[in-house]
Amino acid sequence: MGIFLLLIGFPGTGKLTIAKRLSPLISAKIIDNHWVNNPVLGVLDHDLTKPLPEAIWEQTGRVRQAVLDTIVAFSTPSANFIFTHAGIQGDERSHRTFRQIAEAAEGRGALLVPVRLLCEAEELARRVAIPERRERLKSVNAEASLERSRTLQVLDPEHANTLNLDVTSLSAEEGADAIHRHVQDLLSLLCG
């Protein structure tokens, strides 16, 4: 059985950093949300501090669906994948992205494991302001990060396999280890 691990968190929680530490532990390919978004975002002239036009996200959704369709149709059934998603509770686009990934997992008969990465507002704002993020077309607006943390919640997919993990003071290695243990526990229950 393959694994679809979905790391959900606001910008700055370390989704990709944790995914990179976790990938060798479960032999998984990483499908980062920016690897899906950047083919679209990269052709725009945008300063990464203001909201993008809503229609842009329809385009990135098409790219994501093409990637998922390719995984379902052509990857080996035992292949594992780690996805990242900056999902927001109550946001239809965020819920649609989760459904796309969940449907692909179901289509492959894979174990879906959502992980909500939670982090305190001030720490998120500090992380978002790191200059290297701009080079990767990631959000760099610390004020927007603080506002997001004050007014919104990380997407809760309300899935039985969900792990809620506060990464405010965890290293990427500690986060990856906690997620790896959670996956192993789920696999033990399935195989037990």
Side-chain angles (χ1 to χ4, degrees), residues 4-23 28 30-64 67 81-101 113-157 162-176 178-179:
F4 271 37
L5 186 65
L6 175 58
L7 303 181
I8 308 168
F10 289 158
T13 53
K15 296 180 295 293
L16 180 57
T17 304
I18 291 171
K20 287 178 178 178
R21 302 302 190 286
L22 189 57
S23 175
I30 300 170
I31 312 294
D32 181 52
N33 57 310
H34 278 276
W35 298 347
V36 170
N37 294 345
N38 287 357
V40 174
L41 301 181
V43 299
L44 302 175
D45 293 323
H46 194 269
D47 69 3
L48 305 174
T49 61
K50 299 178 193 91
L52 291 160
E54 193 61 33
I56 292 298
W57 304 114
E58 295 302 318
Q59 301 300 327
T60 62
R62 289 184 187 143
V63 173
R64 182 179 304 100
V67 169
F81 295 90
I82 301 172
F83 299 88
T84 66
H85 176 36
I88 298 169
Q89 185 66 20
D91 174 65
E92 178 51 38
R93 185 169 35 90
S94 295
H95 289 276
R96 186 171 52 243
T97 296
F98 174 75
R99 286 191 304 271
Q100 282 181 291
I101 294 168
V113 183
V115 177
R116 295 176 73 226
L117 299 176
L118 309 172
C119 189
E120 292 178 7
E122 293 75 20
E123 177 62 13
L124 270 180
R126 185 192 69 74
R127 293 179 188 183
V128 163
I130 295 171
E132 298 84 45
R133 291 179 56 84
R134 181 179 298 277
E135 296 165 12
R136 292 176 289 185
L137 302 180
K138 293 183 171 207
S139 169
V140 294
N141 188 328
E143 285 301 315
S145 176
L146 285 169
E147 182 64 19
R148 183 173 30 254
S149 292
R150 286 187 196 113
T151 60
L152 301 172
Q153 293 180 350
V154 173
L155 175 70
D156 184 352
T162 300
L163 170 66
N164 293 302
L165 185 63
D166 187 332
V167 295
T168 304
S169 12
L170 292 183
S171 69
E173 291 79 11
E174 291 168 326
I179 295 165

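For this chain, numbers begin at 1 and follow the sequence in order.
Partner L5 forms a side chain to side chain contact (heavy atoms under 4.5 Å, CB included) with one of I82, T84, L163 and no other, that one being I82.
At a threshold of 4.0 Å, the pair E58-R93 does not count as salt-bridged, since none of the basic side-chain nitrogens sits closer than that to a carboxylate oxygen. Electrostatic pairing of R21 and E174 does not count as a salt bridge here, judged by no charged N lying under 4.0 Å from a carboxylate O.
More than 12 heavy atoms of other residues, nucleotides or ligands sit less than 6.0 Å from atom CD of E173.
With N38 contributing its side chain and L41 its backbone, the two residues share no donor-acceptor pair below 3.5 Å. Side chain of H85 to main chain of G9: no donor-acceptor pair is present (N/O by atom type, distance under 3.5 Å, no hydrogens or angles). Looking at R64, its side chain never comes within 3.5 Å of a backbone N or O of T97 through a donor-acceptor pair. Checking side-chain atoms of S23 against main-chain N and O of K20 turns up no donor-acceptor pair under 3.5 Å.
Residues Q89 and L152 have side chains not in contact (no heavy-atom distance under 4.5 Å, counting atoms from C-beta outward). By the 4.5 Å heavy-atom criterion applied to side chains, R116 and D156 are counted as neighbours. Within the 4.5 Å cutoff, the side chain of L118 has no heavy atoms near those of the V167 side chain. Side-chain atoms of N33 and K15, non-hydrogen and from C-beta on, do get closer than 4.5 Å to each other. Counting only heavy atoms from C-beta outward, the side chains of L16 and I30 approach each other to under 4.5 Å. A 4.5 Å side-chain heavy-atom check between L155 and D91 finds every atom pair outside the cut-off. Between W35 and V67, every side-chain heavy-atom pair lies at or beyond the 4.5 Å cut-off. Contact check for L7 versus I18: side-chain heavy atoms found under the 4.5 Å cut-off.
Looking at every heavy atom in both residues, I179 comes nearest to L165 through CG1-CD2, 3.9 Å. Nearest heavy-atom pair across P114 and I8 is CB-CD1, 4.3 Å. Between A28 and F81, the shortest heavy-atom contact is CB-N, 4.0 Å. Closest approach of A172 to T17, counting heavy atoms only: CB-CG2, 3.6 Å. Between A86 and S94 the shortest heavy-atom distance is O-OG, 4.3 Å. Closest approach of L170 to D166, counting heavy atoms only: CD1-O, 3.4 Å.
The distance from the CD atom of E120 to the OG atom of S169 is 7.0 Å, given to the nearest 0.5 Å.
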Trace of the side-chain contact (heavy atoms from CB on, under 4.5 Å) decision for V154 with I88: CA-CA 5 Å; V154 173; I88 298 169; over 6 Å; no

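Classification of the F4-F83 ring pair by plane angle, with boundaries at 30° and 60°, yields tilted.
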